[in-house]
Every structure is written in C-alpha cells, then in structure tokens.
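It should be emphasised that the depicted structure is a prediction, and the values quoted were computed from it without experimental measurement. Remember, it's 1-based here, ligands and their atoms both numbered in the order they're listed.
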Amino acid sequence: MSLQGKKVILCVTGGIAAYKVPVVARGLTELGAQVRVVMTRSATRFVGAQTFAALTGHPVGSELFAAGAEVPHVELARGADLVLVAPATANAIAKVAIGISDDLMSATLLTARCPVLVAPAMHTEMWEHPATRANVATLTERGVHLVGPVSGALSSGDEGPGRMAEPDDIIAAAAAVLSTQQELAGRRFVVTAGGTQEPIDPVRFIGNRSSGRMGIDIAAEAARRGAKVTLVVGPITVPIPGDIDVVKVRTAEEMREAVLERASDADVIIKAAAVADWQADVHAERKLKKADGPPAIHLVPTPDILAELGSDPSLRKDGSVLVGFAAETEPDPAKLAELAEAKRASKGADVIVANDVSSHDSGFEVPTNRAVIASVSGTEDVGLVTKKALAAALVTRVAAALGRS
Ligand code: CTP
C-alpha cells in the first residue's frame, strides 16, 4: 500500500485519544503521504504540536489568521486529497455538521472539497445522544466517511461504544478512501440480495418483505469502486444498475447453488439476502384447491448458505472476506452489537452487519437502516443512515480488510 504524493490534512481535536494520533501521522507519512497537521487549541493540551511537527516534517497549524501567511485554511484545503479528523470529538462533529468555522480546523473543513474521513471518540452517552446521532447522520449523508468508534474501555473507566478506532484501522480507512474510486479494481464480489421464495404449490410461496435495496446498493458501491460484481438476487422490483452481472434465483436452494458456484473465485462474498429459513418439505405440483381444506404444511430448514461458507474454508478463495447480515428486532445499539458479534461467531463470518428491523425507519421496505458493523477489529455503530451510506461504510471496511490480507 503506497500513498506516495497524497496530501493529507490531519485535524487533531481535544480528546484523550489524541495521544494515539502521532502513530497515525507517522503511519501515513511512512506510506508516502504528505501530512499537514492542524490542531485545535484544546488538542494541544493532550499532545504537543512539536511531536507532530517532528513526525511529519511540517509545522503544525492552529491559528486561523497567522501573521504574514496567506489565508492558511484556503491554502491548506486547496490541493488536499483527504482531510482526516482524529480524534473527532462530539463538538468537532457538531461544528462540521452545522458548518461553523471559528478556528483553523473548522475553517479548513468548510473550505475543503476533497473526501473527509472522521474518527469519532467520545463518551458513550455523548455518542448516543440524539444530537450527535443527527450530526453523524448529516455527515454520512454528505458522503463523509467514518471509521469507528468501537466499543471498549473508555478514559472514564466505563466500557461502551465511543472509543476511537485503533491507529492501524484509521490508516487503513484513510488509505481506502485515498486510493480513489478504483481501489477495488481486479477484485471479484458476489453479493446476494432480496428475499427467497419457497414454493408451497405452483402459485403460493413462503417469502418475506425484503426489497433487495440494501444488497443492490452494496453491489453498486463495489462496482463504482472498480470491483467486478455478480449479484445473486431473489425476485425483486427495485431496478439494478447496468454495470452489475445479475443471476436471478428464486429459492434458497437455487441461491446456494449460484453462490457456491462462484465462491472459490470471489474476493468478497456479501450475503445481504433475506433467505427464507424454512421451506415446505414437499410442494404440490398442482394448485391446492380450497375445497380440499387448509393444507398441513410441514416445514424443514433451508440450507444456511452463510454458515456453510463460514464453516468450510475450502469453498472460498484464500484471504477472501465473508460478510453476513443479521436482521434483528433490536433498536438498542449496544444490544444490537452483541447480537452482531454472536452471529459473527456462530456463522463463521468475518463481518456481520446487524440491522434493526423493528423500527419504522429501519430494515425492510424503507431506504434507511439503523445498523452496527461487527468485525475482528471491533463493532462500529453506524447509526441511522441511508442504505447507500451504509453500503459505502461497509465497502470501505471490506476494502480495508482486503488491503490487510
Ligand atoms: N442466511 C443464509 N441462509 C439461510 C438463512 C440466512 O445464508 N438459510 C444468511 C443471510 O443472508 C444473512 C445471515 O444469514 O446474511 C443472517 O440471517 P438472519 O435471518 O438474521 O439469521 P438466522 O441465521 O436466520 O438466525 P435468526 O433468524 O434466528 O436470528
């Protein structure tokens, strides 16, 4: 991974996690990036400007109107390839969301037109406060990338979501954003979407409310970043973008066959489909007649495609990433994270995206999702975002995981 010639503005705000950020500055510099550090005044209480100056070879900015210089935020922001905010306090996130520009950091962020990556760090209560949730949603809507926060020990002695992502994960996320849109060129993705239909007779089936939108947004995002994408999709009505190879299936058995056939070539398999868990043990060849009375339907399990892929590494390419979804009726992000982690372990997946399907604005048939992403590097509460924004967050994580393998 090389970031040769990339210009990164690293904004450091005043949180205890600032002490870890020199590692990020050094890592990015070692990868070839030109790193310019901007610190808020309170950040300098946690780590010295001199440390960053020594690591990056450039003086650190903090004043909006420095004597003698050109307008520093304009000069800094122009030509930058990435603005990275780490740690991003609740206050910094709020300022960026609203567009306040009262110091060099916020003025730089308001001027920059390049991608922005934010690594939040704060106490759990602040992260979960509706004001922060709304500000984070505004940022992700605007296309700002997020890495973390993860759950873990906090400076207050508590445990919970709010801990800044680890420096290596921040560097990997920055590299993923910087390696522009074609970062996934040469990679093969298999994405499943929609619900399956398990026949009872030629006209009736067992199905579910999946619209297919989440999987299609993921497939589109991966294709936009250069991946060759095959979408294995159940019966849906949502249109599928043209640059995706589509395999239409109906039942869980057909989906299994289509996925397994392609699994050994895939760098990434994302199982966003809502696969029916049960099928009728026998289905009638001819339509069941009402006059014959209500039929007794005996259900048997469908094959669990994700669990099969997770438990047998010989089915997949070495170093590939397996992603599953968990549809849960659980609005509490902490409990959702626990369920995600449990499902990750039970299905043998590398990543599980758990989404709450009990709220009116999350899950089936709506364009938004309330989700938590669990992976080996911790759980990330993405909050309530559009399915497109969730797709972008997930593909960024997957791209970073591929870069590490
Ligand atoms: N899945 C699968 N094959 C199945 C059922 C589910 O591959 N027969 C996949 C889904 O595509 C999804 C993940 O497993 O990626 C989780 O699905 P979910 O319905 O949340 O979990 P279940 O395993 O069905 O468990 P439960 O409903 O009890 O939580």
Side-chain angles (χ1 to χ4, degrees), residues 189-199 205-219 222 230-236 247 249-263 266 268-281 299-313 315-316 320-332 335-359 362-365 369-375 379 382 387 390-391 394-395 397-398:
F189 274 54
V190 172
V191 181
T192 68
T196 62
Q197 294 181 353
E198 310 303 328
F205 58 83
I206 299 166
N208 60 62
R209 289 167 51 205
S210 171
S211 66
R213 204 183 314 226
M214 188 66 245
I216 289 172
D217 285 346
I218 294 168
T230 302
L231 184 72
V232 179
V233 64
I236 52 160
V247 179
V249 295
R250 184 161 173 233
T251 63
E253 295 277 4
E254 287 170 16
M255 183 170 279
R256 173 181 176 271
E257 210 169 295
V259 172
L260 292 191
E261 213 177 290
R262 291 161 181 84
V268 178
I269 302 175
I270 303 184
K271 295 271 319 76
V275 186
D277 288 322
W278 300 289
Q279 59 188 338
D281 61 346
L299 297 177
V300 292
T302 56
D304 190 324
I305 310 163
L306 179 64
E308 189 172 350
L309 289 166
S311 64
D312 185 353
L315 295 173
R316 296 197 285 136
S320 61
V321 179
L322 179 63
V323 182
F325 270 69
E328 307 289 356
T329 44
E330 180 53 74
D332 176 357
K335 290 190 185 140
L336 197 56
E338 279 170 26
L339 292 170
E341 199 40 55
K343 198 157 279 184
R344 200 171 78 77
S346 71
K347 299 252 188 179
D350 300 301
V351 180
I352 285 284
V353 183
N355 62 323
D356 168 34
V357 294
S358 64
S359 314
S362 175
F364 296 127
E365 298 167 330
N369 244 341
R370 194 181 302 279
V372 164
I373 303 178
S375 69
T379 54
V382 186
K387 288 181 175 171
L390 177 57
L394 175 64
V395 174
R397 266 218 167 201
V398 167

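More than 12 heavy-atom neighbours from other residues, nucleotides or ligands sit within 6.0 angstrom of CD on E254.
Note: an N/O pair closer than 3.5 Å links K347 and ligand 1 by distance alone. For ligand 1, the polar-atom distance check against I305 finds a nitrogen or oxygen pair separated by under 3.5 Å. Inclusion of A273 in the set of residues having an N or O under 3.5 Å from an N or O of ligand 1 is warranted. For F325, a nitrogen or oxygen atom sits less than 3.5 Å from a nitrogen or oxygen atom of ligand 1, counting backbone and side chain alike. Considering backbone and side-chain N/O of A272, none are found under 3.5 Å from N/O of ligand 1.
Every atom of ligand 1 with a heavy atom of K271 under 4.0 Å away is listed here by number and element: 7 (O), 11 (O), 12 (C), 15 (O).
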Practice item. Check the pair R344, E341 against salt bridge (Lys or Arg N to Asp or Glu O under 4.0 Å), reporting the backbone distance first and the verdict last. Key: CA-CA 5 Å; R344 200 171 78 77; E341 199 40 55; 3.2 Å; yes
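Contact annotation: P303 has at least one heavy atom less than 4.0 Å from an atom of ligand 1. Ligand 1 has at least one atom lying under 4.0 Å from a heavy atom of K343.
Per-atom contact check: atom 25 (O) of ligand 1 touches the protein, criterion being a heavy-atom distance below 4.0 Å.
Remark: minimum distance from atom 7 (O) of ligand 1 to any protein heavy atom is reached at L306 N, 2.8 Å. In this structure, the protein non-hydrogen atom closest to atom 5 (C) of ligand 1 is D277 OD1, 3.4 Å.
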